[in-house]
Number of protein chains: 2
Amino acid sequence: MELIMVFKALSNETRINILIWLKQPRLHFPAEELQDYDANLGVCVSDITKKAGLSPSTTSDYLSLLQKCGLIEATRVGQWTYYKRNEGAIKTLNKLIQKAF
Amino acid sequence: MELIMVFKALSNETRINILIWLKQPRLHFPAEELQDYDANLGVCVSDITKKAGLSPSTTSDYLSLLQKCGLIEATRVGQWTYYKRNEGAIKTLNKLIQKAF
DNA sequence: CTTTAATTTCGGAATTTCCCGAAATACCGA
DNA sequence: TCGGTATTTCGGGAAATTCCGAAATTAAAG
């Protein structure tokens with residue numbers, strides 16, 4: 001968990017929002033898109049793409065950046081990739097920030 | 001307190017370090033440079049410049065960026081500008097991060 | 001096997017950030 | 001007022017980031 005990488009990841013409005021959306025998917029995504037959220041898989045890339053209003057490639061880039069620094073995790077199921085928050089890592093991050101600053 | 005501005009400010013190694021150095025100046029700056037730290041003024045730009053190993057102009061830029069997003073505050077005394085942490089703002093930031101993520 | 005949908009990878013133009021040196025400004029002391 | 005030190009402002013080249021579209025990849029479905 002590189003503190004500086006995390007801050008770079010979070011210094012972009014869309015990426016911050018993705019993390020917030022994934023905290024409460026039910027609040028931020030249409031119900032019919034959330035069948036797999038209930039299975040604890042997360043939300044798939046195309047749903048996040050729609051919500052973000054960016055191109056699929058950019059959204060995919062952002063998601064893998066967030067994943068690289070540990071904030072979210074991916075599960076591939078068939079042709080879909082589901083992303084959800086890594087709550088453990090986020091808790092660790094909060095503690096790290098508390099300690100460092 | 002713009003969360004995104006704060007993250008941009010913190011996505012640079014030197015600026016992170018400045019915040020950490022200012023948390024415990026006695027630990028990070030030579031004793032003879034700290035007369036004014038005891039007066040609760042903070043640490044002056046040239047001391048921070050030496051420690052950072054960057055040019056005075058860059059250091060000055062960084063300090064005013066950190067100030068703009070509220071993380072530190074400046075006191076001008078004669079020809080010196082002293083910077084110290086804004087502990088209140090940093091506490092607020094921690095809470096904000098806790099709440100948002 | 002072919003088509004179609006979901007996602008990722010890659011190349012690149014536009015924009016922003018990094019960090020410097022030169023110049024300007026602020027302030028003090030002689 | 002003049003010279004010297006501390007700091008800030010400004011212009012800009014180099015490097016990184018933003019975000020796209022095209023192409024490649026993966027996988028389901030017909």
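Residue numbering restarts at 1 for every chain, and letters A, B, ... go by the order of the sequence lines. These numbers were taken from a predicted model, which means no experiment stands behind them.
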Without decimals, in angstroms, what is the distance between B:E13 CD and D:dA15 P?
19 Å
How long is the straight-line distance from CD1 of A:I48 back to CD1 of A:I18, given to the nearest 0.5 Å?
6.0 Å
Between A:I48 (CD1) and C:dT7 (C1'), how many Å, whole number?
12 Å
When hydrophobic residues are tied together by side-chain contacts of less than 4.5 Å, even through go-betweens, does B:L19 share a cluster with B:L41?
no
Take atom OH of B:Y62 and atom C1' of C:dT16, then tell me their distance rounded to the nearest Å.
13 Å
What is the distance, rounded to the nearest whole Å, between atom CZ of B:F7 and atom P of C:dT16?
21 Å
Could you check if a side-chain atom of B:D47 sits within less than 4.5 angstrom of a side-chain atom of B:Y37, using non-hydrogen atoms only?
no
Do the side-chain N or O atoms of B:N12 get closer than 4.0 angstrom to the phosphate oxygens (OP1, OP2) of C:dC18?
yes
Check whether any side-chain N or O of A:S60 sits under 3.5 Å from a backbone N or O of A:P56 as a donor-acceptor pair, and report yes or no.
no
Salt-bridge test for B:K68 and B:D61: reply yes if a basic N is under 4.0 Å from a carboxylate O, no otherwise.
no
What integer distance in Å separates A:L54:CG from C:dA6:P?
18 Å
Output one line per pair: protein atom, nucleotide atom from nucleotides 4-9 of chain D, and distance, for all N/O pairs under 3.5 Å.
unit_1, atom_1, unit_2, atom_2, d
D:dT5, O2, B:Q79, OE1, 2.9
D:dA6, O3', B:Q79, O, 3.4
D:dT7, OP1, B:V45, N, 3.2
D:dT7, OP1, B:T81, N, 3.2
D:dT7, OP2, B:S46, N, 2.7
D:dT7, OP2, B:S46, OG, 2.9
D:dT7, O3', B:T81, OG1, 3.2
D:dT8, OP1, B:Y83, OH, 3.2
D:dT8, OP2, B:S60, OG, 2.7
D:dT8, O5', B:S60, OG, 3.3

For atom NZ of A:K68 and atom P of D:dT17, their distance in whole Å
11 Å
